[in-house]
Amino acid sequence: MAQMEIRAAPSADLDALAAALAERLQLSEPSPWMTTAEAADYMRVSVRWLRQHLHQVPHSKVEGRLFFSRRELDAWLGENRRS
């Protein structure tokens, strides 16, 4: 079995590759709005719990779809925090 020779890539090539990868991974700003599943994950509750407590949790409904604002959820969680 032949052995492969591994050569170190020049630093400039690695820097260029890292910059290109970073740019590609950040194609757009993350949306401030989350789906029900994302909001439940963000709050560390189940989707079922979130749906059962919609009357308490701030959300928007557009054409039957629910959306949750990170900022509003953070504020609501802070207001409802128990010491």
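Along the sequence shown, residues carry numbers from 1.
With contacts defined as side-chain heavy-atom distances shorter than 4.5 Å, the pair Q56/W76 qualifies. Residues Y42 and D74 have side chains in contact (heavy-atom distance under 4.5 Å, counting atoms from C-beta outward). Looking at V57 and E72, their side chains never come closer than 4.5 Å, going by heavy atoms from C-beta outward.
Atom OG of S69 is separated from atom NE2 of H59 by 12.5 Å, given to the nearest 0.5 angstrom. Atom CG in L77 sits 12.5 Å away from atom CZ in R70 (nearest 0.5 Å). To the nearest 0.5 Å, atom CE of residue M43 and atom NE2 of residue H53 are 9.5 Å apart. With rounding to the nearest 0.5 Å, the separation of OG1 in T36 from CG in L54 is 7.0 Å.
Put simply, W33 and L66 are part of two different groups of oily side chains (I, L, V, M, F, W, Y) that touch within less than 4.5 Å, one to the next.
When all heavy atoms are compared, the tightest approach of L73 to A39 is CD1-CB, 4.0 Å. Minimum interatomic distance between F68 and P58 (heavy atoms only, all atoms of both residues): CD2-O, 3.4 Å.
Residues that satisfy the side-chain contact (heavy atoms from CB on, under 4.5 Å) test with R65, not counting sequence neighbours, are F67.
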